Amino acid sequence: MSVGATVWLTGLPSAGKTTIARALAARLRDEGRRVEVLDGDEIREFLSAGLGFSREDRDVNVRRIGFVAQLLASHGVTVLVPVIAPYADAREEVRGRHQAQGTGYVEVHVATPVDVCSARDVKGLYARQAAGELAGLTGVDDPYEVPADPDLRIAAHEQGVGESVAALYALLGEKGLVRP
């Protein structure tokens, strides 16, 4: 049986959000569950094209993603959202929308330190920022508000993807968001 819910994975660039989301999605699909991954980069290209990286534009982007996630989740889809979402109030707004609609929601902080993220530098953002080619990099020269009380905090730099996925899957089970 499939229960819809949104799983919002927040953290710095290159923290491991998308890697964990895609691995969890594969596990859930293998079990026959309906799953969508709303990747932040893809959303910016197709749903939020034209938005910049000001605080206002970032908040609009988060609200748009939150709306789509809640809509899908309300129809029985498990929606995995690996999106930085640097501001706590925007994340809380998304959580509040889910709660108001009676839709499951969990916030997961992928808590990888900036020095580890910088060493990973999956997209070359940290190198571009260090070279002066990029300004406004979240967690470096733009704010990232660490979740005060996430449903789960994953230290992705201290454990493998499999262990991270297992912890997240267990949380979903505890909350009744995945059922055998």
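Each residue takes its place number in the sequence, starting with 1. Both backbone and side-chain heavy atoms feed into the values below; hydrogens, waters and symmetry mates do not. Note that the structure is a prediction, hence the values are computed from the model and not measured.
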If hydrophobic clusters are built by linking Ile, Leu, Val, Met, Phe, Trp and Tyr wherever their side-chain heavy atoms come under 4.5 Å apart, do V161 and L9 end up in the same one? yes

So if you build clusters from Ile, Leu, Val, Met, Phe, Trp, Tyr with side-chain heavy-atom gaps below 4.5 Å, do I84 and V62 land together?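 No; V62 is not reachable from I84 via cluster members.
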
Using the side chain to side chain donor-acceptor pair (under 3.5 Å) criterion, which residues pair with [X]? Sequence neighbours excluded.
X    : result
K175 : none
R153 : H109
S48  : N61
T18  : D39

Using side chain to side chain contact (heavy atoms under 4.5 Å, CB included) as the criterion, list what pairs up with [X], not counting sequence neighbours.
X    : answer
A69  : T6, L38, V79, V81, H98
E92  : R95
E93  : R63
D115 : P113

Looking only at atom types and distance, does a side-chain atom of R120 sit under 3.5 Å from a main-chain N or O of S14, one as donor and one as acceptor? yes

For S164 and G160, indicate whether the former's side chain and the latter's backbone hold a donor-acceptor pair under 3.5 Å.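 Looks like yes, one N/O pair under 3.5 Å.
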
[Y] side chain reached by [X] side chain, heavy atoms, under 4.5 Å:
X    : Y    : result
L171 : D151 : yes
I20  : V110 : yes
L28  : R34  : no
V178 : V3   : no
L47  : V68  : yes
I43  : R64  : no
S118 : D121 : no

Taking all non-hydrogen atoms of both residues into account, name the closest pair between [X] and [Y] and its distance.
X    : Y    : answer
L12  : K17  : O-NZ, 2.7 Å
G52  : D57  : N-OD2, 2.7 Å
P150 : A148 : CD-C, 3.7 Å
A21  : L80  : O-CD1, 3.2 Å
G4   : L177 : O-CD2, 4.5 Å
A25  : V35  : CB-CG1, 3.7 Å

Residues R55 and D89 bridged, charged N to O under 4.0 Å: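 Salt bridge: yes.
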
Output yes when E42 and R22 qualify as a salt bridge under the 4.0 Å nitrogen-oxygen rule, no when they do not. yes

Could you tabulate the donor-acceptor pairs under 3.5 Å formed by side-chain atoms of residues 136-145, not counting sequence neighbours?
unit_1, atom_1, unit_2, atom_2, d
T138, OG1, R58, NH1, 2.7
D141, OD1, G136, N, 3.0
D141, OD1, L137, N, 2.6
D141, OD2, G136, N, 3.3
D142, OD2, R58, NH2, 3.4
Y144, OH, T10, OG1, 2.8
Y144, OH, G11, N, 3.3
E145, OE1, A88, N, 2.7

Tell me whether the count of non-hydrogen atoms from other residues, nucleotides or ligands lying under 6.0 Å of CD in E133 goes above 12. yes

Where at least one partner belongs to residues 51-89, residue pairs that pass ring-ring contact (aromatic ring centres under 6.0 Å, His included), sequence neighbours excluded: none

Report the distance from atom [atom1] of [X] to atom [atom2] of [Y], rounding to the nearest 0.5 Å.
X   : Y    : atom1 : atom2 : answer
T78 : R29  : OG1   : CZ    : 10.0 Å
R33 : R27  : CZ    : CZ    : 9.0 Å
Q70 : T103 : CD    : OG1   : 4.0 Å

Are Y169 and E31 linked by a side-chain donor-acceptor pair shorter than 3.5 Å?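 Present: a donor and an acceptor within the cut-off.
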
Between W8 and V108, is the side chain to side chain contact (heavy atoms under 4.5 Å, CB included) condition met? List the steps. CA-CA 6 Å; W8 198 288; V108 178; over 6 Å; no

Set of residues satisfying ring-ring contact (aromatic ring centres under 6.0 Å, His included) with respect to Y126, sequence neighbours excluded: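 With neighbours one apart ignored, the set is empty.
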
Grouping ILVMFWY residues whenever side-chain heavy atoms fall under 4.5 Å, the cluster of V116 otherwise contains none

Before you tell me yes or no, could you show the steps for L24 and L172 under side chain to side chain contact (heavy atoms under 4.5 Å, CB included), namely the whole-Å CA-CA distance, both residues' side-chain angles and the distance that decides it to 0.1 Å? CA-CA 11 Å; L24 178 59; L172 295 177; 4.1 Å; yes

